[in-house]
Amino acid sequence: MIHITFPDGSVREYAKGITGFQLAESISPRLAAEVLAIGVNGVTLDLSRPIEDDATIQLHKWDDPEGKHAYWHSSAHLMAEALQELYPGMKFGIGPAIENGFYYDVDPGDAVIKESDLPAIEAKMIELAARKEQIVRKEISKQEALDFFKQKGDEYKVELISDLTDGTISFYSQGDFTDLCRGPHLQNTGEIKAIKLLSVAGAYWRGDEKRKQLTRIYGITFPKKKMLDEYLAFLEEAKKRDHRKIGKELELFTFSQAVGAGLPLWLPKGTILRNRLEDFLKRIQKRFGYQQVITPHIGQKELWVTSGHYAKYGKDSFQPIHTPQEGEEFLLKPMNCPHHCEIYKAFPHSYKDLPIRYAEFGTVYRYEQSGELHGLTRVRGFTQDDAHIFCRPDQLKDEFLKVMDIIFIIFNALDFKNFEAQISLRDPNDREKYIGSDENWEKAESAIVEACEEKGLKANLVLGEAAFYGPKLDFMVKDAIGRRWQLGTIQVDYNLPERFDLEYTGADNQKHRPVMIHRAPFGSMERFVAVLIEHTGGKFPLWLTPEQAVILPISEKFNDYAHQVAQQLDEQDIRVSVDDRNEKIGRKIRDNELKRIPYLLIVGEKEMEAGVVAVRKQGEGDQGTKTVNAFAVDINAEVEKMMKIF
RNA sequence: GCUGUUGUAGCUCAGCGGUAGAGCACUUCCUUGGUAAGGAAGAGGUCAUGGGUUCAAGUCCCAUCAACAGCUCCA
């Protein structure tokens with residue numbers, strides 16, 4: 001007999017070799033019907049795996065990530081089985097479960113899989129699932145595994161197996177399909193009920209640009225048709241919050257083919273929004289001891305040769321600008337750091353002057369490859385809310401913590417609760433990619449790790465994601481459909497101060513090297529506004545929104561009064577306009593609600609006589625009347641309340 | 001840059017070999033209406049660009065540009 005401990009702490013005795021499924025059955029048939037995988041001592045396994053020793057277990061259903069994972073992983077195998085039948089000789093790469101669904105990377109040889117082929121693959125999957133095939137696990141030696149896939153002619157699997165250690169290899173089979181796989185899987189493909197293949201795309205084998213591009217098919221499945229319908233409806237809803245759509249609807253920004261791809265044009269309303277954000281950050285930065293500076297959009301090529309950026313990115317950047325005078329070369333600035341370093345160098349500095357914090361909303365230009373452009377989130381010309389902090393080594397951690405505070409203030413103010421923090425370090429296996437000494441890198445990396453610990457910030461450590469001159473702490477926020485975008489970033493840099501020969505005079509009257517922090521709490525104005533749009537669905541907070549109120553006269557007779565009210569509000573810094581179109585009030589309300597204007601002020605005969613406005617709050621309906629002055633005071637108080645949170 | 005998809009009126013889209021369409025927006029007129037779409041008339045398009053096939057090309061083919069979903073990249 002063995003002892004099984006359940007999540008509630010209770011312990012039961014079972015026969016040695018009992019399976020997860022039998023365990024579930026022993027509790028209730030309903031549980032057995034719903035359970036998808038089992039966690040045994042923290043390792044997720046198939047329900048059909050026998051348990052031989054005492055263990056702590058957890059039964060995973062659909063609502064657990066482990067349950068979904070097994071379900072979607074088996075769905076990937078089901079899709080592969082369908083593909084094998086439809087495209088004989090197809091070779092398979094990898095086919096994992098992902099956050100929402102699964103994919104499989106396949107090499108269809110000379111055949112081409114197009115989006116229009118997906119329904120046929122779906123139909124085949126449904127046909128196969130109806131056969132309710134058992135999914136069988138088999139542990140296998142490395143040699144047997146190699147022989148199987150060599151014989152099948154699947155070089156991708158052969159390559160994968162070659163990298164595995166003997167004794168840890170398992171196959172999963174259902175019907176005529178066998179795959180190299182660690183599992184865990186469902187017991188039976190019949191559990192897969194609702195299937196939707198979503199898209200087809202190219203994906204490089206093992207993520208390597210130099211290797212063959214396979215065909216990646218994305219799909220998602222659910223135990224119930226209704227759940228699939230709900231998911232597809234969710235995707236439709238998310239599309240409505242797409243910043244590119246809302247940006248157009250609310251007249252925030254646009255692009256022009258004539259101007260060029262990836263070069264956003266900010267419209268008047270978008271400019272108000274952006275200026276409000278800039279003012280907000282400037283106000284915070286002032287409190288934190290930053291000084292605003294302004295630098296030109298170009299600089300001599302030498303500047304980036306010194307920084308190391310030219311060697312690293314020169315070939316893939318906008319190429320140098322040549323002047324009529326031969327031999328002069330300028331670059332559009334792809335970052336602001338060299339300019340700020342030159343500002344630092346304009347004066348000698350004492351240790352007493354540090355830290356020095358130069359901030360600039362600096363517009364930079366980077367040649368992103370065409371396929372990488374994406375709305376406002378990935379563009380070729382953008383404005384960083386940049387700053388460079390020059391400090392003494394002993395000030396580094398404190399300065400780093402203060403920057404984190406600024407980022408938290410901003411995320412708080414805009415209600416970005418679900419951000420993720422990522423510490424990006426060097427790739428220890430590829431030191432060639434980076435400049436600077438090991439000693440400096442180690443100091444910089446540990447400064448970031450320590451700062452996060454001090455703040456109690458849980459951050460993912462990712463190797464190989466550092467900038468070439470230093471490690472960084474990035475803050476990622478998801479868009480409407482769950483794509484992660486890097487917003488705030490803080491980078492520690494010992495290298496540029498050396499390359500630019502930056503100095504300060506210490507208390508010992510000797511020259512010392514300052515440390516530099518690069519930081520951008522928004523990341524860029526473009527990307528930040530994009531993510532903000534998707535988070536708010538275009539319903540911006542009152543202090544930010546381009547139009548705070550609109551006045552709606554009941555009929556043209558009250559247009560004069562409406563404009564009078566508008567002027568009065570304008571004098572009190574309310575951003576207001578008048579909808580004096582020849583339309584009925586119902587129409588004006590509808591149109592302005594759709595423009596997500598927070599307050600609609602309706603004025604007719606009653607209001608004009610009493611010198612008031614009828615206030616209607618967006619989404620909440622009629623709020624009764626107020627005097628014009630009272631309305632202005634209330635709005636400004638609401639805005640001020642927000643601005644005081646820091 | 002790579003794979004797949006898509007470019008028709010300001011916007012959303014229909015038309016898929018035979019003289020360019022709808023709804024919304026826009027203009028003018030009627031209406032002056034009290035909390036989410038009042039009515040009528042009108043104007044607006046080298047069908048992304050450049051080639052080709054055809055008696056005839058938004059419609060078929062090729063190239064280029066741009067956008068979309070991924071991949072790769074992201075100082």
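None of the values given here were measured: they were computed from a predicted structure. Quick note on labels: first sequence line is chain A, next is B, and so on, each numbered from 1.
Less than 6.0 angstrom separates the ring centroid of A:H518 from the ring centroid of A:Y469. For A:Y365 and A:F318, the gap between ring centers reaches or exceeds 6.0 Å. In this structure, A:Y104 has its ring center under 6.0 Å from that of A:F92. Aromatic ring centres of A:F416 and A:F528 lie closer together than 6.0 Å. Here the two rings, on A:Y599 and A:F631, have centers that are under 6.0 Å apart.
For B:G51, the glycosidic angle deviates from 0 by more than 90°, giving an anti base.
The pair A:D438-A:R426 meets the salt-bridge criterion, with a side-chain N (NZ, NE, NH1 or NH2) lying under 4.0 Å from an Asp/Glu carboxylate O. Between A:E236 and A:K239 a salt bridge is recorded (basic side-chain N to carboxylate O distance below 4.0 Å). Using a 4.0 Å cut-off between charged side-chain N and carboxylate O, A:D105 and A:R216 make a salt bridge.
Spacing between B:A57 and B:G18 at atom P, rounded to whole Å, works out to 11 Å. Nucleotides B:G15 and B:A22, compared at atom P, are 15 Å apart to the nearest Å. Rounded to the nearest Å, the gap between the C1' atom of B:U19 and that of B:C47 is 14 Å. Separation of the C1' atoms belonging to B:G70 and B:A75 is 24 Å when rounded to the nearest angstrom. For the C1' atom pair drawn from B:G58 and B:G17, the interatomic distance equals 11 Å after rounding to whole Å. Across the P atoms, B:A9 and B:A20 are found 15 Å apart, a figure rounded to whole Å. Between the C1' atoms of B:U8 and B:U46, the separation comes to 13 Å (whole Å). Here, B:U28 and B:A43 have their P atoms 15 Å apart, quoted to the whole Å.
Residue A:Q623 contributes atom CD, which lies 16 Å from atom P of B:U35 at whole-angstrom precision. One interatomic measurement links the two molecules: CE of A:M608 to C1' of B:G34, which rounds to 14 Å at whole-angstrom precision. Look at NZ on A:K114: it is 13 Å from P on B:U3, rounded to the nearest Å. In this structure, A:D622 atom CG and B:U35 atom C1' are separated by 6 Å, rounded to whole Å. Taking atom CD1 on A:I589 and atom P on B:A37, their separation rounds to 9 Å, with Å as the unit. If you measure from atom NZ of A:K433 to atom P of B:U72, you get 13 Å, rounded to the nearest angstrom. When rounded to the nearest whole Å, the span between NZ of A:K315 and P of B:G1 equals 17 Å. B:U35 atom P lies 18 Å from atom CG of A:L594, rounded to whole Å.
In this structure, A:E607 reaches the bases: a heavy-atom distance under 4.0 Å links it to at least one base atom across the strands shown. Counting any heavy atom pair closer than 4.0 Å across all strands shown, A:G308 reaches no nucleic acid atom. Across all strands shown, A:S317 has heavy atoms under 4.0 Å from base atoms, whether or not it also approaches the sugar-phosphate.
Using N1 to N3 plus N6-O4 or O6-N4 for Watson-Crick, or N1-O2 and O6-N3 for G-U wobble, each under 3.5 Å, B:U19 pairs with nothing. B:U46 is unpaired under the criterion used here, namely a Watson-Crick or G-U wobble arrangement in which both key atom distances are under 3.5 Å. B:A14 is unpaired under the Watson-Crick or G-U wobble criterion, no partner having all donor-acceptor distances under 3.5 Å. When both distances must be under 3.5 Å, the Watson-Crick or G-U wobble mate of B:C60 is B:G52. As the counterpart of B:A41, B:U27 is assigned, both hydrogen-bonding distances of the Watson-Crick or G-U wobble pattern falling under 3.5 Å.
Comparing B:G4, B:U35, B:A37 by their nearest atom to the side chain of A:V112 picks out B:G4. Of the candidates B:G34, B:A75, B:G1, B:A75 carries the atom nearest the A:P334 side chain, counting heavy atoms from C-beta on.
At a cut-off of 3.5 angstrom, the base of B:C2 holds no donor-acceptor pair with the side chain of A:R211.
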Between A:R211 and A:E159, does the salt bridge (Lys or Arg N to Asp or Glu O under 4.0 Å) criterion hold? Intermediate values first, please. CA-CA 13 Å; A:R211 304 196 64 177; A:E159 185 180 328; 2.8 Å; yes
Is there a salt bridge (Lys or Arg N to Asp or Glu O under 4.0 Å) between A:E99 and A:K478? Walk through the geometry before answering. CA-CA 13 Å; A:E99 211 169 320; A:K478 287 187 194 174; 3.1 Å; yes
Show your reasoning for whether salt bridge (Lys or Arg N to Asp or Glu O under 4.0 Å) applies to A:R244 and A:D242. CA-CA 5 Å; A:R244 293 164 294 198; A:D242 189 313; 2.5 Å; yes
Does the protein touch nucleotides 8-14 of chain B at the base, only the backbone, or not at all? Give it as B, S and - per nucleotide, heavy atoms under 4.0 Å. -------
B/S/- along nucleotides 28-33 of chain B (protein heavy atoms under 4.0 Å) is --BBBB
Below 3.5 Å is the cut-off: list the nitrogen or oxygen pairs between protein and nucleotides 67-70 of chain B, distance only.
{"residue": "B:C68", "atom": "OP1", "partner": "A:R244", "partner atom": "NH1", "Å": "2.8"}
{"residue": "B:A69", "atom": "OP1", "partner": "A:R244", "partner atom": "NH2", "Å": "2.8"}
{"residue": "B:A69", "atom": "OP1", "partner": "A:R483", "partner atom": "NH1", "Å": "3.1"}
{"residue": "B:A69", "atom": "OP1", "partner": "A:R483", "partner atom": "NH2", "Å": "3.4"}
{"residue": "B:A69", "atom": "OP2", "partner": "A:R244", "partner atom": "NH1", "Å": "3.2"}
{"residue": "B:A69", "atom": "OP2", "partner": "A:H374", "partner atom": "ND1", "Å": "3.3"}
{"residue": "B:G70", "atom": "OP1", "partner": "A:R483", "partner atom": "NH1", "Å": "3.4"}
{"residue": "B:G70", "atom": "OP2", "partner": "A:R483", "partner atom": "NH1", "Å": "3.0"}
{"residue": "B:G70", "atom": "O3'", "partner": "A:Y218", "partner atom": "OH", "Å": "3.2"}
{"residue": "B:G70", "atom": "O2'", "partner": "A:Y218", "partner atom": "OH", "Å": "2.9"}
{"residue": "B:G70", "atom": "N2", "partner": "A:G202", "partner atom": "O", "Å": "3.2"}

Taking only nitrogen or oxygen atoms into account, show me every contact under 3.5 Å that the protein makes with nucleotides 63-65 of chain B, one pair per line with its distance.
none

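Of the residues A:E249, A:E251, A:E547, the one that meets the salt bridge (Lys or Arg N to Asp or Glu O under 4.0 Å) test with A:R596 is A:E249.
Near-neighbour residues of RNA chain B inside residues 90-101 of chain A, defined by a heavy atom below 4.0 Å, are absent.
Not counting sequence neighbours, A:E605 has no partner by the salt bridge (Lys or Arg N to Asp or Glu O under 4.0 Å) test.
Along RNA chain B, the nucleotide nearest A:K606 and the nucleotide nearest A:Q491 are compared for position; the residue whose nucleotide lies closer to the 5' end is A:K606. Both A:E465 and A:V615 lie near RNA chain B, and the one whose nearest nucleotide falls closer to the 5' end is A:V615.
When all heavy atoms of A:L214 and A:V106 are compared, the closest pair comes out as CB-O, 3.4 Å.
Neither side chain, A:K606 nor A:T625, offers a donor N or O lying under 3.5 Å from an acceptor on the other.
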